[in-house]
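Below, all heavy atoms of this structure are taken into account, side chains as well, without hydrogens, waters or symmetry copies. All values reported here derive from a predicted model rather than from experimental measurement.
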Amino acid sequence: MLTTTRAQMKRLQLHQQGLLQPHLNHYQDANGVLHTLNRLGYVQLDTMNVLSRSQDLFFWSRDHRYQREWLLELYEQQSIFEVYLFALCLLPASSYEHLHHYFAHHHLKIMNQPKLDFILNIYEQVQLNQPLRSRDIEHDQPSSGATWSMTPARRALDQLWRAGLIKVSRDHHFNKLYTITDQNIEEHRTLEHEPTLNTYLLDLTFENLGIATLKELKACFNLNKTAVSEYIQQQLEQGNIQQIQVEDWAEEHFIRIQDIPLLSTLEKLEGSAATLLSPFDNMIRDRSRLLKLFDVNYKLESYMPKEQRQYGYFAMPILIGEQIVGVIDLKNDRQRRELQVQKLTLFDSAQAVEHKRQIECILQDLCVFVEAEQIIPAQEITYL
């Protein structure tokens with residue numbers, strides 16, 4: 001059986017993510033961003049804006065020359081679209097055809113809604129007034145009162161969007177703009193493409209992870225274990241993947257045949273990353289895998305009481321070379337134009353001087369990106 005090491009497994013994923021040697025990414029315009037998105041297949045979106053939006057941090061992590069306007073360009077060119085997979089995600093337009101089953105499933109749900117006439121009215125408003133903001137909807141009603149609850153019109157917009165009948169773009173303030181798609185709301189749609197969707201999502205998972213167990217393949221998009229098992233068996237029979245033994249772990253791991261030559265090629269390369277990773281970054285989204293590969297027990301702590309936080313409200317892992325050397329909690333004070341280091345946690349005190357020097361360089365780049373004028377250094381440095 002083919003064997004490999006944990007270091008090689010980690011290096012392969014860093015390579016897949018464009019994080020092994022980020023200087024080779026060469027973002028010069030929106031096309032570079034689209035190239036990364038086409039290769040990885042998805043980026044998670046989130047409304048948190050402590051530093052910048054998660055999708056912007058994702059691309060900045062891979063090339064510090066990234067500019068937010070490039071993503072808006074891609075929205076305007078209809079080169080990207082939003083869809084809810086395991087969370088709200090941004091996908092390249094090239095993947096739209098693979099989501100037929102997803103859209104058909106939600107379309108059929110709409111057609112069986114008791115309030116179909118209301119939903120059709122919202123659809124017609126979008127059709128007549130596109131691009132439409134939700135606040136411009138006529139005859140909307142108040143929500144149930146909970147701060148997180150949707151108004152009836154917003155709920156209808158969400159249902160239409162999930163069915164692929166309307167699409168979302170964004171303005172400079174990240175507000176949603178709704179337009180209709182080419183899909184006819186009256187058209188009959190079938191659910192026959194589910195296996196194709198599962199295959200597509202699992203192919204994306206291999207593209208993002210490189211080497212993975214059944215559990216890790218399942219976790220990426222919250223897929224059914226039976227569907228993942230069937231995919232693995234089919235891919236093994238077709239000679240597209242192979243089992244691989246990773247040192248220290250008895251669990252079965254799998255690798256695509258096309259990626260096997262990379263293991264020896266990447267052995268000759270040295271990781272050159274010096275960047276921060278968003279809590280929602282594809283590289284670290286699976287926290288169990290993060291612990292397995294980097295020996296770092298990390299989670300987003302913004303939803304925890306302050307006294308229970310270990311790293312901070314919006315702490316970001318620090319990737320230097322091929323190691324996560326620490327975690328830094330940052331805040332962008334836009335009024336004062338300050339990038340504030342709330343807390344810095346380093347994992348290797350012996351390398352602290354060198355790591356702090358590299359972190360300074362990272363923060364200088366980040367300062368430019370978030371348009372801050374100065375960096376307020378950490379009042380607290382912890383060594384673990």
Quiz question: by atom type and distance under 3.5 Å, do the side chains of Arg68 and Ser52 form a donor-acceptor pair?
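Yes, side-chain donor-acceptor contact under 3.5 Å.
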Should the pair Glu354-Arg357 be classified as a salt bridge under the 4.0 Å nitrogen-to-oxygen rule?
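Salt bridge between Glu354 and Arg357, a charged N being under 4.0 Å from a carboxylate O: yes.
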Step-by-step side chain to side chain contact (heavy atoms under 4.5 Å, CB included) determination, Leu12 to Ile255:
CA-CA 10 Å; Leu12 177 58; Ile255 185 173; 4.1 Å; yes
Quiz question: by atom type and distance under 3.5 Å, do the side chains of Gln16 and Arg39 form a donor-acceptor pair?
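No pair is found: no donor N or O on one side chain lies under 3.5 Å from an acceptor on the other.
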When rounded to the nearest 0.5 angstrom, what distance separates CD1 in Ile328 from CE in Met316?
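If I round to the nearest 0.5 Å, the distance is 9.0 Å.
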According to a 4.5 Å side-chain heavy-atom criterion applied to Ile, Leu, Val, Met, Phe, Trp and Tyr, with indirect links allowed, do Leu14 and Leu209 form part of one hydrophobic cluster?
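Shared cluster, no.
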Kindly write out the residues that satisfy side chain to side chain contact (heavy atoms under 4.5 Å, CB included) with Ala219, not counting sequence neighbours, or none if the list is empty.
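Asp286.
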If you measure from CD1 on Ile362 to OG1 on Thr275, what distance do you get to the nearest 0.5 Å?
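The distance works out to 6.0 Å.
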Gap between atom CD of Gln358 and atom CG of Leu319 - 0.5 Å precision
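Nearest 0.5 Å value for the CG-CD distance: 10.5 Å.
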Shared hydrophobic cluster for Ile284 and Phe314 (ILVMFWY, side-chain gaps under 4.5 Å)
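No: no chain of side-chain contacts under 4.5 Å links Ile284 to Phe314.
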Checking side chain to side chain contact (heavy atoms under 4.5 Å, CB included) for the pair Leu177/Tyr75: CA distance, chi angles, key distance, verdict?
CA-CA 10 Å; Leu177 303 173; Tyr75 273 112; over 6 Å; no
Heavy atoms of other groups near Lys356 NZ, more than 12 under 6.0 Å
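It does: Lys356 NZ has more than 12 such atoms within range.
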Exercise: identify the closest heavy-atom pair between Ala227 and Asn198:
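The answer is CB-ND2, 3.8 Å.
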What I'd like to find out is whether the side chain of Phe58 reaches to under 4.5 Å of the side chain of Leu37, using heavy atoms alone.
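No, side chains not in contact.
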Kindly indicate whether the side chain of Trp60, heavy atoms from C-beta on, has any atom under 4.5 Å from the side chain of Leu276.
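A side-chain contact under 4.5 Å exists here.
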Arg6 side chain to Glu247 backbone, donor-acceptor under 3.5 Å:
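Such a contact is absent between Arg6 side chain and Glu247 backbone.
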Going from NE2 on His173 to CG on Asn49, what distance comes out if it is rounded to the nearest 0.5 angstrom?
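His173 NE2 to Asn49 CG: 12.0 Å, rounded to 0.5 Å.
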Should Arg337 and Glu371 count as side-chain neighbours, where that means a heavy-atom distance under 4.5 Å?
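Arg337 vs Glu371: side chains touch.
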Steps toward salt bridge (charged side-chain N to carboxylate O under 4.0 Å, His left out) verdict (Glu207, Arg256)
CA-CA 9 Å; Glu207 189 65 43; Arg256 294 184 301 185; 3.0 Å; yes
List for me each residue that meets side chain to side chain contact (heavy atoms under 4.5 Å, CB included) alongside Gln364, sequence neighbours excluded, and say none if there are none.
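Residues passing side chain to side chain contact (heavy atoms under 4.5 Å, CB included) with Gln364: Ile375.
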Do Trp249 and Met9 come within less than 4.5 Å of each other through their side chains, counting heavy atoms only?
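The answer is yes; the side chains approach within 4.5 Å.
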Is there a path of hydrophobic side-chain contacts, each under 4.5 Å between heavy atoms, that joins Ile180 and Tyr102?
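Yes: a chain of side-chain contacts under 4.5 Å links Ile180 to Tyr102.
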Do Leu300 and Met48 have side-chain heavy atoms sitting under 4.5 Å apart?
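Result yes, sub-4.5 Å side-chain heavy-atom pair found.
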Trace of the side chain to side chain contact (heavy atoms under 4.5 Å, CB included) decision for Arg62 with Gln17:
CA-CA 8 Å; Arg62 284 148 180 80; Gln17 290 292 330; 3.0 Å; yes
Which distance, rounded to the nearest 0.5 Å, do you find between the OG of Ser229 and the CG of Leu223?
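The distance works out to 11.0 Å.
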In this structure, would Phe81 and Ile166 fall into the same cluster of hydrophobic residues linked by side-chain contacts under 4.5 Å?
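Both belong to a single hydrophobic cluster.
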Of all the heavy-atom pairs spanning Ala372 and Asn332, show the shortest one and how long it is.
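Scanning both residues completely, I find the closest heavy atoms to be CB-OD1, 4.4 Å.
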Would you tell me whether Asp203 and Tyr231 have side-chain atoms, one donor and one acceptor, within less than 3.5 Å of each other?
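Their side chains do contain a donor-acceptor pair, which is all the 3.5 Å distance test asks for.
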May I ask you to decide if Leu132's main-chain N or O and Asp136's side chain share a donor-acceptor pair within less than 3.5 Å?
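Checked: no pair found.
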Check the angle between the aromatic planes of Tyr27 and Tyr66 and answer parallel, tilted or perpendicular using the 30° and 60° thresholds.
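Ring orientation of Tyr27 relative to Tyr66: perpendicular.
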If hydrophobic clusters are built from ILVMFWY residues whose side chains come within less than 4.5 Å, do Leu217 and Leu293 share one?
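In one cluster: no.
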Backbone N or O of Glu82 within a donor-acceptor pair of the Trp161 side chain at under 3.5 Å?
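Yes.
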Report the residues that fulfil ring pair (Phe, Tyr, Trp, His ring centres under 6.0 Å) with Phe221, sequence neighbours left out, ordered by chain and then residue number.
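Result, ring pair (Phe, Tyr, Trp, His ring centres under 6.0 Å) vs Phe221: Tyr42, Phe86.
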Are the side chain of Ser278 and the backbone of Leu57 linked by a donor-acceptor contact shorter than 3.5 Å?
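Checking the backbone N and O of Leu57 against the side chain of Ser278, no donor-acceptor pair under 3.5 Å is found.
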Output, in order, the C-alpha distance, side-chain angles, deciding distance and verdict of side chain to side chain contact (heavy atoms under 4.5 Å, CB included) for Ile110 and Leu116.
CA-CA 7 Å; Ile110 282 180; Leu116 178 59; 3.9 Å; yes
Could you tell me whether Glu360 atom CD has more than 12 heavy atoms of other residues or ligands within 6.0 Å of it?
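Incorrect, the count does not exceed 12.
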Within the structure provided, determine whether Tyr96 and Val83 are in side-chain contact (heavy-atom separation under 4.5 Å).
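No, side chains not in contact.
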Please check this pair: side chain of Arg334 against backbone of Leu51, looking for a donor-acceptor N/O pair closer than 3.5 Å.
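Here the side-chain-to-backbone pair exists.
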Heavy-atom donor-acceptor pair, Arg309 side chain to Met304 backbone, under 3.5 Å
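Between the backbone of Met304 and the side chain of Arg309 there is a qualifying donor-acceptor contact (under 3.5 Å).
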Using the side chain to side chain donor-acceptor pair (under 3.5 Å) rule, collect all pairs that involve residues 312-324, keeping only residues at least two apart or in two chains.
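For residues 312-324: Lys10-Gln323, Arg11-Glu322.
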Provide the closest heavy-atom pair for Leu34 versus Ser79 in the form atom of the first, atom of the second, distance.
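Smallest interatomic distance, heavy atoms only, reads CD1-O, 3.8 Å.
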Under the 6.0 Å and 45° cation-pi test, does Arg170 pair with Phe174?
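That pair qualifies as a cation-pi contact.
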If I compare all heavy atoms of Gly164 with all of Gln183, which pair ends up nearest, and what's the gap?
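Here Gly164 and Gln183 meet closest at O-CB, 3.8 Å.
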For a 4.5 angstrom cut-off between non-hydrogen side-chain atoms, does Thr196 reach His101?
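Not touching, per the 4.5 Å side-chain cut-off.
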Is there a donor-acceptor pair closer than 3.5 Å between any side-chain N or O of Arg287 and the backbone N or O of Lys299?
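Here the side-chain-to-backbone pair does not exist.
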List for me each residue that meets side chain to side chain contact (heavy atoms under 4.5 Å, CB included) alongside Glu252, sequence neighbours excluded, and say none if there are none.
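Per chain and number, Glu252 pairs via side chain to side chain contact (heavy atoms under 4.5 Å, CB included) with Gln243, Phe254.
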Test item: Glu301 side-chain N/O and Gly312 main-chain N/O as donor-acceptor pair under 3.5 Å
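Yes; at least one donor-acceptor contact below 3.5 Å.
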If only atom types and distance count, is the side chain of Asn175 paired as donor or acceptor with the main-chain N or O of Arg133 below 3.5 Å?
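Looks like no, no N/O pair under 3.5 Å.
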Determine the minimum heavy-atom distance between Gln13 and Asn208, stating which atoms define it.
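Closest pair (atom of Gln13, atom of Asn208, distance): CG-O, 3.4 Å.
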With Thr4 via side chain to side chain contact (heavy atoms under 4.5 Å, CB included) - residues at least two apart:
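So Thr4 forms a side chain to side chain contact (heavy atoms under 4.5 Å, CB included) with Gln8, Ile211, Ile244, Val246, Leu263.
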salt_bridge(Asp158, Arg154) N-O dist < 4.0 Å:
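No.
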Compare every heavy atom of Ala87 with every heavy atom of Gln44, then report the nearest pair and how far apart it is.
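In this case the closest contact between Gln44 and Ala87 is NE2-CB, 3.7 Å.
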Are the side chains of Leu330 and Val341 in contact, using a 4.5 Å heavy-atom criterion?
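Of all side-chain heavy-atom pairs linking Leu330 with Val341, at least one is under 4.5 Å.
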To the nearest 0.5 Å, what is the distance between CD (Gln310) and CG (Leu384)?
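Nearest 0.5 Å value for the CD-CG distance: 5.5 Å.
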Does atom CG (Asn222) have a neighbourhood of more than 12 heavy atoms from anything else shown, all under 6.0 Å?
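Yes, because the 6.0 Å sphere around CG of Asn222 holds more than 12 heavy atoms from other groups.
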